[in-house]
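Each chain gets a letter, A, B and so on, in the order the sequences are listed, and its residues count up from 1.
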Protein chains: 2
Amino acid sequence: MTQGSDPKTDTRKRILDIAEQLLLSRGFNAFSYQHISSELGVRNAAIHYHFPKKSDLGVALIQRYRRRFRRFIEQQAELDPGAQLEAYFGLSDSYYRQHRQICPSGILSTEFLTLPEDMQREAAAFIDEMRQWAVDITRRGAASGQMRYAGTPEAIGMMLFSALQGALQLARIDDGALDTIKRQVRAVLGLPGH
Amino acid sequence: MTQGSDPKTDTRKRILDIAEQLLLSRGFNAFSYQHISSELGVRNAAIHYHFPKKSDLGVALIQRYRRRFRRFIEQQAELDPGAQLEAYFGLSDSYYRQHRQICPSGILSTEFLTLPEDMQREAAAFIDEMRQWAVDITRRGAASGQMRYAGTPEAIGMMLFSALQGALQLARIDDGALDTIKRQVRAVLGLPGH
DNA sequence: AGCACTCTACTTACTGGTCAGTAAGGTGTC
DNA sequence: GACACCTTACTGACCAGTAAGTAGAGTGCT
């Protein structure tokens with residue numbers, strides 16, 4: 001079987017990919033190793049070989065999100081705050097288009113109290129980074145004069161982050177919610193396109 | 001055992017009360033009939049007597065929320081839009097103070113794709129009612145001149161609903177999130193108190 | 001008053017399924 | 001022969017759900 005075998009292991013990455021889909025559409029508590037192994041075409045124990053405990057898999061998932069998110073920020077570093085916000089909106093869109101998935105922070109904060117301790121630590125750090133980034137955008141947006149809004153950059157950054165997280169969840173019931181809320185966030189920030 | 005026995009049954013109500021706590025802190029998928037029966041001091045099958053399937057319990061919980069919410073709206077009917085919004089903020093506060101619970105719409109929309117069909121129908125109707133109410137407040141707030149905001153009443157109503165739902169979830173990680181976002185929502189609506 | 005009946009609200013005891021997790025063994029590659 | 005990467009085979013816990021039985025309260029009939 002020489003089908004795209006990688007130096008490291010392909011399987012580990014594929015497990016993470018499948019687990020990610022399951023996490024975003026069903027949540028951490030509502031998917032099992034069975035779901036992954038049957039989709040992957042291996043036995044259950046193969047998943048345990050790569051991730052002995054389910055919380056190991058969970059932690060690895062969040063750590064990968066954090067790495068990706070840091071890379072995402074670096075790539076957008078040269079853009080102006082408004083364009084960065086639009087890039088963030090684009091992320092949300094792609095979640096939604098993928099079978100009405102929601103953003104990871106939404107799942108992790110909702111299930112937070114039921115998560116294993118090591119996942120809680122990782123999740124809290126991840127969500128904090130995202131929140132800080134949102135605040136950073138609104139701060140620079142106001143400083144550069146591109147954005148005009150009532151309230152502090154901290155508060156409006158958190159509100160936009162929170163509203164977008166909620167929007168993806170509501171979009172599961174109300175198709176238009178995500179677009180409506182994106183438009184309204186632009187309006188509140190004094191940006192064009194609403 | 002003549003201890004506060006009611007005409008109907010007390011047990012059914014107590015089951016709903018315990019299930020509600022579990023729903024708001026752990027989610028629907030992460031609590032079991034065991035949790036309820038052990039807390040209530042009865043056997044597992046007693047819960048099944050009152051609610052044969054778990055989805056029956058779930059549907060009954062949401063229906064009770066809808067009844068309560070309609071009563072809540074009626075009670076606030078005489079207040080001006082700003083005061084109604086504050087009453088809504090008060091609801092959120094009480095969730096948060098009760099062991100960092102989140103609002104029911106947050107749980108139900110996040111777990112939506114894993115819920116049984118009958119619960120999905122009920123949940124969608126409930127969330128729709130809440131969203132409509134939020135929009136109603138912002139519409140009347142603008143009409144009366146009490147609120148001043150950019151964008152349409154529909155969009156800003158949805159954004160405030162969405163932001164508050166997200167805020168309760170984020171408050172599990174960040175203690176200040178709820179207050180910060182409440183303040184910011186007031187600011188965006190041009191209300192005092194921020 | 002005594003008895004038969006029914007209904008409500010449980011109980012005990014169980015089923016079959018799913019879950020995370022483990023132990024021991026096999027197979028191919030370097 | 002050591003190692004990475006799997007397999008088969010299993011354990012014990014938990015899960016929702018069911019079946020059958022029971023205690024007590026109420027109801028009606030004689």
Using OP1 and OP2 only, check whether a side-chain N or O of Ser32(B) sits under 4.0 Å from dC14(D).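 Checking Ser32(B) against dC14(D): no side-chain N or O falls below 4.0 Å of OP1 or OP2.
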Does the side chain of Thr11(A) get closer than 4.0 angstrom to OP1 or OP2 of dC5(D) through an N or O atom? no
For atom [atom1] of [X] and atom [atom2] of [N], their distance in whole Å:
X	N	atom1	atom2	value
Tyr33(B)	dT12(C)	OH	C1'	19 Å
Leu22(A)	dA20(C)	CG	C1'	16 Å
Asp10(B)	dT8(C)	CG	C1'	15 Å
Lys13(A)	dC5(D)	NZ	C1'	19 Å
Ile36(B)	dC15(D)	CD1	C1'	13 Å
Phe31(B)	dA16(D)	CZ	C1'	12 Å
Ile15(A)	dC5(D)	CD1	P	11 Å

Is the shortest side-chain heavy-atom distance between Arg140(B) and Gln146(B) below 4.5 Å?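 They are not in side-chain contact.
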Whether Lys54(A) engages the ring of Phe31(A) as a cation-pi pair (distance to the six-membered ring centre under 6.0 angstrom, angle to the ring normal within 45°) should be assessed. yes
Selection from dC19(C), dC6(D), dT8(D) that lies nearest to any side-chain heavy atom of Arg43(A):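 For Arg43(A), the side-chain atoms sit closest to dT8(D).
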Under 3.5 Å, side chain of Ser162(A) to main-chain N/O of Ala167(B), donor-acceptor pair present?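 Yes, because the side chain of Ser162(A) sits within donor-acceptor range (under 3.5 Å) of the backbone of Ala167(B).
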Can any side-chain N or O of Arg172(A) pair as donor or acceptor with the backbone N or O of Thr110(B) at less than 3.5 Å?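 Confirmed, Arg172(A) side chain pairs with Thr110(B) backbone.
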Which of residues 44-59 of chain A sit near DNA chain D, with a heavy atom under 4.0 Å from it?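 Result for residues 44-59 of chain A: Ala45(A), Ala46(A), Tyr49(A), His50(A), sorted by number.
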If you count every heavy atom of other residues, nucleotides or ligands that lies below 6.0 Å from Glu20(A) atom CD, does the total exceed 12? yes
Give me the ring orientation class for Phe69(A) and Phe126(A): parallel if the planes are under 30° apart, tilted from 30 to 60°, perpendicular past 60°. perpendicular
